[in-house]
Amino acid sequence: MTEYEILRILWWVLLGVLLMGLAVMDGFDMGTAALLPVVARTDVERRIAINTVGPVWEGNQVWLILGGGAIFAAWPPLYAAAFSGFYLAMLLVLAALILRPVGFKFRSKIANPRWREIWDWALVVGGAVPALVFGVAFGNLFEGVKFDFDPVDLRFLPDISLLSLLNPFALLAGLVSLSMLTLHGACWLNLKASGEVARRARDIVPWLALIFAVLFLLGGIWSSQLTGYRLAAPLPHAGPSNPLLGAAERAAGAWGTHFVANPEFWLAPIVALAVAGLAVLWRASRPLAAFLASALVPVGVIATAGLVLYPFLLPSSSNPKVSLIVWNASSSALTLAIMLGAVVIFLPIVLAYTAWVYRVLRGPVSSASIDADSNSY
């Protein structure tokens, strides 16, 4: 393989790793916030749940910035297409994400129960909506998105509305994402919270795992019946990045071909389902192991989606020939090489700092610890 081909594959893998990092690190924040009405019934209990993620949620959102930055620098056509074609969906996610810091900071300013209830629901929306919309976005990759490129100036020509993105399969993918992240959040609360909050979280883990497993299996069966996309002709893996040079076409059952040709790919969905079951088994006796198992669920799900879609990044249902794939939508070899060097240097630093922060903040959150900390929410 040529250097350019290797760099493109590496950045496709790194994109998946960053998405997994977002789902694992920021996912339990979202899941915890979405579960507030279920696991916490008094103000003290809600404060316990909120303060399990209070010290770390801002750092966890760095993975969202890393993912967006990687798409911008490594896959410019994908960034342009996603952030303009999915504009309304992006605004919805941003509005929900803005509610999170506002909710965290404002709810504790006034002791009025009504005031705090309003901001608690803002946190619920800020957790549940992004978890749902991110899954909807993934679901639309399987269906294909209506867009084209101007053959003269490569201007992106979307035909996308928010309602068109909310198709049945995409909504199912959104529910898979929501159930997956709420399972992750429940396992986090089981680990970090105390008292009734931890008990309620522990009690709902089996139900969330069952809902996730059913939805994930249904999504797998449904996706295998979709009219997918495939390359109609070989494309140079080290060729120029030009969406007009694509050679994709729609074909019934195309998404399942990789798993037929490569049986080892089945390991990804099996991991997602198996570790969800382990989280249920370990939730009472081994809460840390249960949380780590729940963290592997999004890893398995995202790996499954990536292996099914490869080499497609964003298929076009309007004109499949201009679909964005690994071989026609990347930056130059020099750009990818420089960025890879930056990743090799800085990503280990980020991971080391993150590990240190979680080590310092280890231990459960209780009502006593909240009262003793003047900086708690």
Side-chain angles (χ1 to χ4, degrees), residues 1-23 67 70-71 74-79 81-82 134-135 137-145 147 169-170 173 176-177 216 219-243 245-272 298-317 320-331 333 336 340:
M1 290 192 293
T2 66
E3 178 186 352
Y4 198 10
E5 181 180 0
I6 294 172
L7 286 169
R8 280 171 160 167
I9 294 175
L10 284 175
W11 272 101
W12 175 77
V13 173
L14 281 171
L15 178 59
V17 169
L18 292 174
L19 291 174
M20 292 173 186
L22 171 63
I71 295 174
W75 312 101
L78 175 62
Y79 181 89
F134 288 149
F138 257 96
N140 275 281
L141 299 184
F142 289 84
E143 293 272 25
V145 180
F147 70 88
F169 180 80
V176 170
S177 174
F216 185 55
I221 296 170
W222 193 341
S223 65
S224 68
Q225 306 301 314
L226 291 174
T227 299
Y229 296 79
R230 67 184 181 190
L231 295 181
L235 194 66
H237 291 185
S241 288
N242 185 342
L245 299 179
E249 64 180 5
R250 302 193 71 182
W255 290 137
T257 55
H258 286 169
F259 280 73
V260 174
N262 303 277
E264 64 274 15
F265 285 2
W266 285 100
L267 181 62
I270 289 173
V271 164
V299 172
V301 171
I302 293 172
T304 300
L307 292 172
V308 170
L309 292 167
Y310 181 82
F312 287 89
L313 298 171
L314 185 63
S316 170
S317 58
K321 291 183 179 180
V322 302
S323 296
L324 301 179
I325 63 174
V326 171
W327 316 120
N328 72 359
S330 75
S331 295
L336 296 180
L340 183 61

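Given the structure is predicted, the values throughout are model-derived calculations rather than measurements. Starting from 1, each residue takes its place in the sequence as its number.
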Exercise. Taking the side chain as C-beta and beyond, is there a heavy-atom pair between Thr2 and His237 under 4.5 Å?
Worked result: no
For this session: Side-chain contact test, heavy atoms from C-beta onward, threshold under 4.5 Å: evaluate it for Ile9 versus Trp327 and give yes or no.
Result: yes
Exercise. Any idea which heavy atoms bring Phe259 and Trp266 closest together, and the distance?
Worked result: O-NE1, 3.4 Å
Exercise. Taking only residues two or more places apart in sequence, or in another chain, which ones meet Arg230 in a salt bridge (Lys or Arg N to Asp or Glu O under 4.0 Å)?
Worked result: Glu249
Exercise. Tyr4: what forms a side-chain hydrogen bond (donor to acceptor under 3.5 Å, both in side chains) with it, not counting sequence neighbours?
Worked result: Arg8, Ser330
Problem set entry | Heavy-atom donor-acceptor pair, Ser316 side chain to Phe147 backbone, under 3.5 Å | yes
Exercise. Between atom CG of Leu18 and atom CD1 of Ile71, what is the distance when rounded to the nearest 0.5 Å?
Worked result: 9.0 Å
Seminar exercise, completed: Scanning both residues in full, the closest heavy-atom pair of Gly135 with Ala173 reads O-CB, 3.2 Å
For this session: Please examine the side chains of Val271 and Val299, heavy atoms only from C-beta on, and report whether any two atoms are closer than 4.5 Å.
Result: no
For this session: Of all the heavy-atom pairs spanning Glu5 and Ala238, show the shortest one and how long it is.
Result: N-CB, 4.5 Å
Exercise. By side-chain hydrogen bond (donor to acceptor under 3.5 Å, both in side chains), which residues pair with Asn328, not counting sequence neighbours?
Worked result: none
For this session: Take Phe312 and Leu141, measure what side-chain contact (heavy atoms from CB on, under 4.5 Å) needs, and give me the verdict at the end.
Result: CA-CA 9 Å; Phe312 287 89; Leu141 299 184; over 6 Å; no
Exercise. Which heavy atom in Ala254 sits nearest to a heavy atom in Gly228, and how many Å separate them?
Worked result: CB-C, 3.8 Å
Exercise. From Trp75 CH2 over to Ser241 OG, what is the distance, rounded to the nearest 0.5 angstrom?
Worked result: 8.0 Å
Exercise. So, does Trp11 use its side chain to make a donor-acceptor pair with the main chain of Leu336 at under 3.5 Å?
Worked result: yes
For this session: Could you please spell out the steps behind the side-chain contact (heavy atoms from CB on, under 4.5 Å) verdict for Trp12 and Leu313?
Result: CA-CA 9 Å; Trp12 175 77; Leu313 298 171; 4.0 Å; yes
Exercise. Is the backbone N or O of Phe142 less than 3.5 Å from a side-chain atom of Trp255, with the two atoms forming a donor-acceptor pair by type?
Worked result: yes
Exercise. Rounded to the nearest 0.5 Å, how far does OG1 of Thr257 lie from CG of Asn262?
Worked result: 9.0 Å
Problem set entry | Heavy-atom closest pair, residues Tyr229 and Gly144 | OH-CA, 3.5 Å
For this session: Kindly compute the distance separating CD1 (Ile325) from CG (Leu78), expressed to the nearest 0.5 Å.
Result: 12.5 Å
Seminar exercise, completed: Nearest heavy-atom approach of Pro77 to Ala329 is CD-O, 3.2 Å
Problem set entry | Check against side-chain contact (heavy atoms from CB on, under 4.5 Å), Phe216 and Thr304 | CA-CA 11 Å; Phe216 185 55; Thr304 300; 4.1 Å; yes
Seminar exercise, completed: Value for NZ (Lys321) from CG (Leu245), rounded to nearest 0.5 Å, stands at 12.5 Å
For this session: Go through the steps for Leu267 and Glu264 under the test side-chain contact (heavy atoms from CB on, under 4.5 Å), then give the verdict.
Result: CA-CA 6 Å; Leu267 181 62; Glu264 64 274 15; 5.8 Å; no
